[in-house]
Amino acid sequence: MATFDYAPAPESPAIVDIQPSYGLYIGGEMVDPIDGSRFKTVNPATEEVLSEVAAAGPTDVDRALAAARAAYDGTWSRLSGRDRGKYLYRLARLVQERARELAVLESIDNGKPIRESRDVDVPLVAAHFFYYAGWADKLGYAGFGPDPRPLGVAAQVIPWNFPLLMLAWKIAPALACGNTVVLKPAETTPLSALAFADICRQADLPPGVVNIITGAGDTGRALVEHPGVDKVAFTGSTEVGRQIARSVAGTRKKTTLELGGKAANVVFDDAPLDQAVEGIVNGIFFNQGHVCCAGSRLLVQESVADELLDRLKRRLGTLRLGDPLDKNTDIGAINSAEQLDKIRMLSEVGESEGAERWSPPCDLPDRGFWFPPTVFTGVSQSHRIAREEIFGPVLSVLTFRTPAEAIDKANNTPYGLSAGVWTDKGSRILWMAQKLRAGVVWANTFNRFDPASPFGGYKESGFGREGGRHGLAGYLDV
Ligand code: NDP
């Protein structure tokens, strides 16, 4: 698939020490589940079983929430912001110290290329802890009154696409504000959260401030529906987000939901096309397209569409798909067999609805879950591949003629998480940013994340913001 061959450059997995089985991290200790069962987590690039993990049952959820409540009442809510900040700085530094191990572990359990886990996920995890450590003793200056109070115990449920990064987005602001947490990682990617449990132990975090309970959807449901919860923070599918919204309705639980997306990446005829091509590739093929804010709909101005697509296809021919631990790999494995089925199904629907499917020549490994980078042209707004979140390396291309048409098409979606604009004109960027109904609008770039910048959606992409000063509001009684 590449223009020329690179010698293999695999990162050694020897740095990670995956145990054959794991318990639950409750009250500062790894404990066996009381009424739960066990499940296996596999390496999606090889289908090899990595470890056996506990699925917490209702009694385990009770126990984790009791530990979080005791830690909230007994220590964490009584500590000064300065002292909470010290712990957060310690967590941030430990993440940095163990960065290589965490990156390898994340790539093994999730399937994402080491280049991304090493250069994007793990550095951003440390950055989030550093950033919110800085807020812990300055909450009185954040614009929420002189002495904003924490909420109590937070139930946090996260998905599999950025396992450790989503953990950081949830835990760092919660702790900075004085809350304690029970977090459930996704069923297919529990290992980096369990490594983080070890980091909490290493940091001497008071027992019960962070509790990690593994399990599937049932564990997540038991956690968010539990009466001992003051705050629910969820990232995942819109469907589960709806169920959670129903379950918290009428309760006092404060809730933030970060759900799906179908972002438009809009390229005007005055855009620097080679840069736009890089942005399109980063927008939809980063993390195999398992990104809620992925630029999955390319809207290109008709006059440059042919030229842009030629350049894009040439560029896709140079992407390397394969071993996630190889430093030259651009596209890793699809996270699970279920997700691969969903991507295949929606791609077949795209063809049957009349769109034209294209992939570069690409050898897929024999074992594991793989899908080649794919581009659909001739897509119309009514096609399912233009409306539904595919959550895979699949780009749907539409064209437009005028800026007004670009806005209409970009906003013609039930979602509203992110968007991208590529143009030479600053005034057009500002005009577009005002009209696009999306929580984040990137200009002449895509998929850039910074802990200081709020992130969240409109419409079916959810509500509430994570990151930045805005991210504090979700964890304070304001
Ligand atoms: P889910 O929304 O089902 O999973 C997200 C998290 O919620 C996981 O930890 C999951 O556990 C948990 N969960 C599942 N059901 C419940 C429930 N009823 N109550 C509380 N927690 C629950 O996403 P999927 O992994 O099933 O992915 C399905 C689709 O969702 C994808 O194809 C993609 O389109 C979209 N998605 C969007 C994401 C985003 O960031 N916007 C992230 C992930 C997926 P478990 O892992 O055990 O199922």
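Just so you know, ligand 1 is whichever comes first in the structure, and atom 1 is the first atom listed for that ligand.
Among protein heavy atoms, the minimum distance from atom 16 (C) of ligand 1 is reached at Val240 CG1, 3.4 Å. Among all protein heavy atoms, the one lying closest to atom 43 (C) of ligand 1 is Pro159 CB, 3.5 Å. If you check which protein heavy atom lies closest to atom 12 (C) of ligand 1, you get Val157 CG1, 3.6 Å. Nearest protein neighbour of atom 24 (P) of ligand 1, counting heavy atoms only, is Trp160 NE1, 3.8 Å. Considering only non-hydrogen protein atoms, atom 40 (O) of ligand 1 sits nearest to Cys292 CB, 3.2 Å. Of the protein's heavy atoms, Ser237 OG, 3.6 Å lies nearest to atom 1 (P) of ligand 1.
The shortest N or O to N or O distance between Gln243 and ligand 1 is below 3.5 Å. Between Lys342 and ligand 1, at least one pair of N/O atoms sits closer than 3.5 Å. Looking at ligand 1, you won't find any N or O of Thr235 less than 3.5 Å from one of its N or O atoms. For a threshold of 3.5 Å applied to N or O pairs, the pair formed by Leu259 and ligand 1 contains at least one separation below that value. For ligand 1, one of its N or O atoms has an N or O atom of Gly217 under 3.5 Å away.
When the heavy-atom distances from atom 21 (N) of ligand 1 to Gly220, Pro163, Ala216 are ranked, the shortest goes to Gly220. Of the options Glu187, Lys184, Arg221, the smallest heavy-atom separation from atom 10 (C) of ligand 1 is shown by Lys184.
In this structure a side-chain-to-backbone donor-acceptor pair under 3.5 Å is present from Lys254 to Leu476.
Of the protein's heavy atoms, none falls inside 4.0 Å of atom 4 (O) of ligand 1. The nearest protein heavy atom to atom 26 (O) of ligand 1 is not closer than 4.0 Å.
Aromatic pair Tyr72/Trp76: ring centres not closer than 6.0 Å.
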